[in-house]
Amino acid sequence: MALPVERLNASLEGEFHFRGKRVSAPFALPGDLVQFQMGRHGFRIRHIERAAAYPPELPLAKAFCTVYERCGGCRGQHLQYEFQLQLKTGPIREQLRQAYGIEVEVRPAPALQGLRGRMDFVVDGALVGQRAPGEFETLVDIDRCPIQNEAANQALQIFRQSLARFPEAGFQRATQSGSVKYCTLRAGALSGCMILTVVEGQEGSQHYGALLAELQARLAEGGAEADYPWSLVETAVEIQNEMSATPGGRAIFGEAGYRERMGGREFFVPYDGFFQPSPRAFEVALQEMFSCLDQALAERAQQGKAAACALYDLYCGAGILSALCLERATAAFSRVFGYEFSASAVALASANMPDQTLPFSFKAMNLDQAPRELLSAAQGIAIIDPPRAGISKALRRALLDARGLSHIIYVSCNPKTQLQDFAELKESYQLLRAQIIDCYPHTPHLEQVALLRRRDHAGI
């Protein structure tokens, strides 16, 4: 079956309609003919027949990656960047305009290549790469990824060359044998961490041991760059598990994490802890977060609430955002409360606080199951940086009941779910401002920073 592409959508993909449903085709353009089939798992694109010509107003670009259209990562390299940005921000901007009367500022990416500091590479025998779009079982071998930073690319070469010497250490997906399923690279500003995800029970195999020895020797030589240390971490999963960099791992060489710089401060990030995958781009979002903080504190002062208040860091990770907020406004806060699922991140959060005399409490907690009374006694400002799924239903209930919270600074890596959260919170909170930041060029993903004020505290 074949149908023509009608338009480009916010996912930077071609779109057509079939039986009343919208269907997306990666890398397809208006006028292309998409051949597809229906299966148990939905639509499967079989082939794209290119149009004879495209209108001159369609701003096309030449892809810079050698495996573009075969790799399932990027979606927009064939489109000029300004057009990409317009496409993927358009629906968010329109929804915020219609629902809240807010004109959103859009900040472009500071660079179009080399931004990412985290990538997860699939291993299949001696092959290392990414899955093909819509083809979970098909692996695209990747020698170099231009969207990740150069330190990570050099570390990728070390892993590929070492695995080529001991290919039996790689997990063979056809025979379900071997050890290493994933190699995750986390390359920070000051150091990097290579995480090997291995099959439980295969940690002691001879081939894997030889690979570890080779990698440790290569990394000990000075890492992927001069004066740039790399550590090596091992984490194990069941053979059917396709998660990478899972908790509970151990350091084979160096630290069980890496060192990053953000907002002028240095932080240690555990290998399994959340941190921005594009830190250089997130510095732009950080400035908007500071502006939201300044506005919230100024409004509290206008309300006669200039005295120091508490800061609540929800989905706090290693406490990095709250630490930066404290440095920005040291005297504004009397204490800090943080909640995060990852116990390893929580263990580091206290050490990251810039003022060790300030009372702080960081707890490992699954906020998907947050007790309703979690914030019932809260008095102050909350900063929220949830996963892509957005704020959990349980935490939303707690926020709605938190009458002592004057403001929420909401940092999101998924504006779509953030908009859903705004709608759920609007009975108690007013959206004051929002800014979209493109931390992930050539993909549909965006960051958005927003400031909400509790309606009970609006008497300014």
Side-chain angles (χ1 to χ4, degrees), residues 5-15 22 24-32 54-65 68-69 71-119 133 145-149 276-289 291-292 385 388 410-420 422 431 433-451:
V5 173
E6 303 163 14
R7 60 188 287 267
L8 290 170
N9 59 25
S11 295
L12 310 181
E13 297 180 345
E15 186 176 277
R22 293 180 178 181
S24 285
F27 317 116
L29 294 166
D32 291 345
Y54 299 108
E57 63 269 19
L58 185 62
L60 302 180
K62 183 177 180 181
F64 51 80
C65 179
Y68 184 64
E69 294 192 21
C71 170
C74 296
R75 285 291 189 273
Q77 288 185 26
H78 62 300
L79 304 170
Q80 291 182 19
Y81 176 67
E82 294 76 11
F83 185 56
Q84 291 181 38
L85 200 58
Q86 177 185 345
L87 276 175
K88 67 182 187 176
T89 63
I92 304 298
R93 289 185 284 115
E94 184 59 26
Q95 288 182 61
L96 287 170
R97 184 183 300 117
Q98 293 291 333
Y100 303 98
I102 291 177
E103 294 295 332
V104 182
E105 181 185 10
V106 177
R107 300 292 302 276
L112 301 186
Q113 297 185 40
L115 285 178
R116 287 190 69 95
R118 170 172 176 155
M119 291 285 284
C145 177
I147 68 167
Q148 74 174 355
N149 63 38
Q276 295 297 328
S278 298
R280 179 180 164 196
F282 189 74
E283 290 280 359
V284 181
L286 199 59
Q287 296 309 309
E288 176 61 13
M289 186 189 79
S291 295
C292 289
D385 187 6
R388 288 188 55 77
Y410 189 159
V411 181
S412 172
C413 60
N414 187 352
K416 292 180 181 179
T417 56
Q418 189 185 38
L419 281 170
Q420 296 168 11
F422 291 163
L431 179 62
R433 61 190 283 177
Q435 184 182 94
I436 297 173
I437 304 97
D438 187 12
C439 295
Y440 318 104
H442 318 299
T443 79
H445 304 303
L446 296 161
E447 293 275 343
Q448 183 163 266
V449 180
L451 177 64

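When a residue number appears, it is its place in the shown sequence, counting from 1.
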Pairing residues for Glu69 by the side-chain hydrogen bond (donor to acceptor under 3.5 Å, both in side chains) criterion, not counting sequence neighbours: Arg50
What I'd like to find out is whether the side chain of Ile436 reaches to under 4.5 Å of the side chain of Ile92, using heavy atoms alone. yes
Rounded to the nearest 0.5 Å, how far does CD1 of Ile147 lie from OG of Ser278? 7.5 Å
With Arg388, which residues qualify under side-chain hydrogen bond (donor to acceptor under 3.5 Å, both in side chains), at least two apart? His445
Exercise: identify the closest heavy-atom pair between Gly76 and Leu12: CA-CD1, 3.9 Å
State which residues pass side-chain contact (heavy atoms from CB on, under 4.5 Å) with Ala10; sequence neighbours excluded, sorted by chain then number. Pro91
Report the residues that fulfil side-chain contact (heavy atoms from CB on, under 4.5 Å) with Cys65, sequence neighbours left out, ordered by chain and then residue number. Val67, Tyr68, Gln77, Pro146
Holding to side-chain contact (heavy atoms from CB on, under 4.5 Å), I want the full list of residues that pass it with Glu283, two or more places apart in sequence or in another chain. Met262, Leu286
What are the two closest heavy atoms between Gly14 and Val5, and how far apart are they? CA-CG1, 3.6 Å
What's the separation between atom CD in Gln287 and atom CE in Met289, rounded to the nearest 0.5 Å? 9.0 Å
Looking only at heavy atoms, which two atoms of Phe27 and Cys74 are closest? And how far apart? CE2-O, 3.5 Å
Determine the minimum heavy-atom distance between Leu79 and Gln84, stating which atoms define it. O-NE2, 3.0 Å
dist Leu87:CG -> Arg7:CZ (nearest 0.5 Å) comes out at 8.5 Å
Nearest atoms (heavy-atom pairs only) where Pro441 meets Tyr81: CB-CE1, 3.7 Å
Apply salt bridge (charged side-chain N to carboxylate O under 4.0 Å, His left out) to Asp438 and list each qualifying residue two or more places apart in sequence or on a separate chain. Lys88
Distance col, row Gln448:CD vs Leu419:CG, nearest 0.5 angstrom, shows 6.5 Å
Apply side chain to side chain contact (heavy atoms under 4.5 Å, CB included) to residues Arg75 and Thr443 and explain how you reach the verdict. CA-CA 5 Å; Arg75 285 291 189 273; Thr443 79; 5.8 Å; no
Residues 105-116, side-chain donor-acceptor partners within the protein, below 3.5 Å, at least two apart:
from, atom 1, to, atom 2, distance (Å)
Glu105, OE1, Gln435, NE2, 2.8
Arg116, NE, Arg118, O, 3.2
Arg116, NH2, Arg118, O, 3.3

Any residue meeting salt bridge (charged side-chain N to carboxylate O under 4.0 Å, His left out) with Arg433, in chain and number order, not counting sequence neighbours: Glu288
Qualifying residues under side-chain hydrogen bond (donor to acceptor under 3.5 Å, both in side chains), relative to Gln80, sequence neighbours excluded: none
Between atom CG of Leu58 and atom CG of Leu29, what is the distance when rounded to the nearest 0.5 Å? 5.5 Å
Value for CG (Leu446) from OG1 (Thr89), rounded to nearest 0.5 Å, stands at 7.0 Å
Using the side chain to side chain contact (heavy atoms under 4.5 Å, CB included) rule, take Gln420 and Asn414 through it: C-alpha gap first, then chi angles, then the decisive distance, then the call. CA-CA 10 Å; Gln420 296 168 11; Asn414 187 352; over 6 Å; no
Any side-chain donor-acceptor pair under 3.5 Å between Tyr440 and Glu447? yes
Tyr54 side chain near Asp32 side chain, heavy-atom distance below 4.5 Å: yes
Run Leu431 and Leu96 through side chain to side chain contact (heavy atoms under 4.5 Å, CB included) and show every step you take. CA-CA 9 Å; Leu431 179 62; Leu96 287 170; 3.7 Å; yes
Least distance between heavy atoms, Ile437 atom then Ala281 atom: CG2-O, 4.1 Å
Got Met119 and Cys145 here, is their nearest side-chain heavy-atom distance under 4.5 Å? yes
Salt bridge (charged side-chain N to carboxylate O under 4.0 Å, His left out) filter on Glu94, not counting sequence neighbours, yields Arg97
Once side-chain contact (heavy atoms from CB on, under 4.5 Å) is applied, do any residues pair with Asn149, and if so which ones, sequence neighbours excluded? Ala151, Ala152, Ala187
Which residues pass the ring pair (Phe, Tyr, Trp, His ring centres under 6.0 Å) test with Phe64, not counting sequence neighbours? His442
